[in-house]
Number of protein chains: 2
Amino acid sequence: MDMREDRTTAVESGSRARTRRAILDAAAALLATEPTASLGDVAAAAGVGRTTVHRYFPDRSSLLAAVSTDVLDKVATATERARLDDGPAAKALERLCQEYFELGDSLTLMFDSPMLMDAADWEEDTPADLAFLHAVRRGHAEGGIDAGMDAEWVRSVLWALLYSAWEQTRHYDTPKHTALTQCLHTLRKAIAP
Amino acid sequence: MDMREDRTTAVESGSRARTRRAILDAAAALLATEPTASLGDVAAAAGVGRTTVHRYFPDRSSLLAAVSTDVLDKVATATERARLDDGPAAKALERLCQEYFELGDSLTLMFDSPMLMDAADWEEDTPADLAFLHAVRRGHAEGGIDAGMDAEWVRSVLWALLYSAWEQTRHYDTPKHTALTQCLHTLRKAIAP
DNA sequence: GCACAGTGGAACATCGGCGTTCCACTACGG
DNA sequence: CCGTAGTGGAACGCCGATGTTCCACTGTGC
């Protein structure tokens with residue numbers, strides 16, 4: 001078997017892997033607040049030259065795709081950490097909310113990136129999606145989650161509350177823990193039957 | 001007194017007023033889904049020539065500013081229609097939610113336009129803002145609104161739910177009344193003490 | 001018919017971001 | 001010391017969006 005080339009975990013000298021990360025992180029953070037930021041801006045934010053950015057990501061779409069899958073990865077691991085199958089489903093969603101909140105700026109990208117990223121792997125049902133849907137259905141059966149709320153609607157509400165909470169920490173001087181507390185409190189009431 | 005020039009209600013032959021509206025509406029609808037749409041796209045969506053757009057709005061920023069104040073106007077009248085001072089505050093917020101929902105695509109602009117519009121009159125406290133804050137405080141006193149929810153947080157939640165509901169009608173095949181019902185239902189639970 | 005408001009389109013110059021190429025510099029291991 | 005990997009910067013051509021100018025067309029009222 002020929003191992004074509006594994007883009008994500010390609011053989012990269014520690015140095016290359018580090019700058020790659022720097023660019024990805026800077027891009028995620030910058031694009032979250034300034035969706036139309038130029039590649040020059042991204043390069044500056046990452047502390048590298050514009051040429052270097054092009055060395056790692058030939059064109060803008062490559063960078064966007066990489067950021068997309070990177071964020072998707074973070075979401076996936078966060079979902080795993082939430083252990084959606086443990087305990088009451090309602091509590092599981094609260095844990096999920098906490099984990100997602102930790103993603104910081106990245107969740108802003110997740111929220112309104114449909115405009116930004118046309119990544120092919122966006123509309124697909126990821127394992128995280130399936131786990132989420134399963135948890136909601138379990139909640140419906142257990143009676144811990146309002147049966148009148150469509151799973152899709154629960155997902156929307158969760159993300160919307162997360163986004164709002166994160167906005168509060170950005171635009172106003174709300175400390176993060178306060179925002180998260182409000183968010184969880186509201187989520188709890190919203191999904192309760 | 002010299003009436004400088006009243007930009008909003010300037011003396012415009014019916015024809016001019018009509019095309020102006022067409023451009024404004026098309027711009028609002030288009031920018032809501034495609035924030036980086038070109039002026040040519042806006043012109044096409046409005047059914048006019050690119051030249052005509054420039055005739056009414058010299059540069060892009062002018063158009064954006066006009067759209068901004070236009071949307072702000074719609075929000076203001078919608079807020080008035082909600083009669084926030086009548087009846088229980090919680091019910092008043094539900095009425096407000098319904099009125100805002102009618103704004104359609106425009107509310108998408110309101111939600112993530114902070115990136116789009118740098119309108120000077122954005123951060124100011126409009127009468128609509130004050131009425132809203134007053135209603136929330138009234139709800140706190142009456143006990144109809146969760147006193148643990150900051151007025152700012154209530155506003156965020158309201159907008160977030162509205163945005164989510166509208167998204168549901170766009171991306172999925174959820175009929176509008178269903179989305180609105182879900183939205184109101186969730187809002188009611190969220191703001192209840 | 002005629003003036004005039006309103007419009008669309010073609011053409012043009014400009015500007016900024018993009019993608020590419022080339023070269024010089026630094027660090028590091030042989 | 002020398003080759004190599006990694007980088008930054010300057011320079012260039014390209015392209016799409018923008019803003020402007022000019023001209024031809026259409027309607028409406030006089």
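Throughout, a chain's letter reflects where its sequence line sits, starting with A, and its residues are numbered from 1. Values below: every heavy atom of this structure, side chains too, minus hydrogens, waters and symmetry copies.
C/dG6 atom P lies 18 Å from atom CZ of B/Arg21, rounded to whole Å. Taking atom CZ of residue A/Arg20 and atom P of nucleotide D/dA5, one finds them 18 Å apart after rounding to whole Å. The separation between B/Tyr56 atom OH and C/dG6 atom C1' is 7 Å, rounded to whole Å.
Donor-acceptor pairing under 3.5 Å is recorded for the side chains of A/Ser156 and B/Gln168. Between the side chains of B/Asp41 and B/Ser38, at least one donor-acceptor pair of N or O atoms lies under 3.5 Å. At a cut-off of 3.5 Å, with distance as the only test, no side-chain donor of B/Thr174 or A/Trp153 sits close to an acceptor on the other residue.
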Under 4.0 Å protein heavy-atom contact, by nucleotide of nucleotides 9-27 of chain D - B base, S sugar-phosphate only: BBB-----SBBBB------
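OP1 or OP2 of D/dG8 sits under 4.0 Å from a side-chain N or O of A/Thr52.
Checked against B/Tyr163 for a ring-ring contact (aromatic ring centres under 6.0 Å, His included), the options B/Phe101, B/Tyr100, B/Phe111 give a single hit: B/Phe111. A side chain to side chain contact (heavy atoms under 4.5 Å, CB included) with B/Leu103 is found for exactly one of B/Leu109, B/Val75, B/Leu162, B/Thr77, namely B/Val75.
A/Lys91 has no carboxylate O lying under 4.0 Å from a charged side-chain N of A/Asp86, or vice versa, which leaves the two without a salt bridge.
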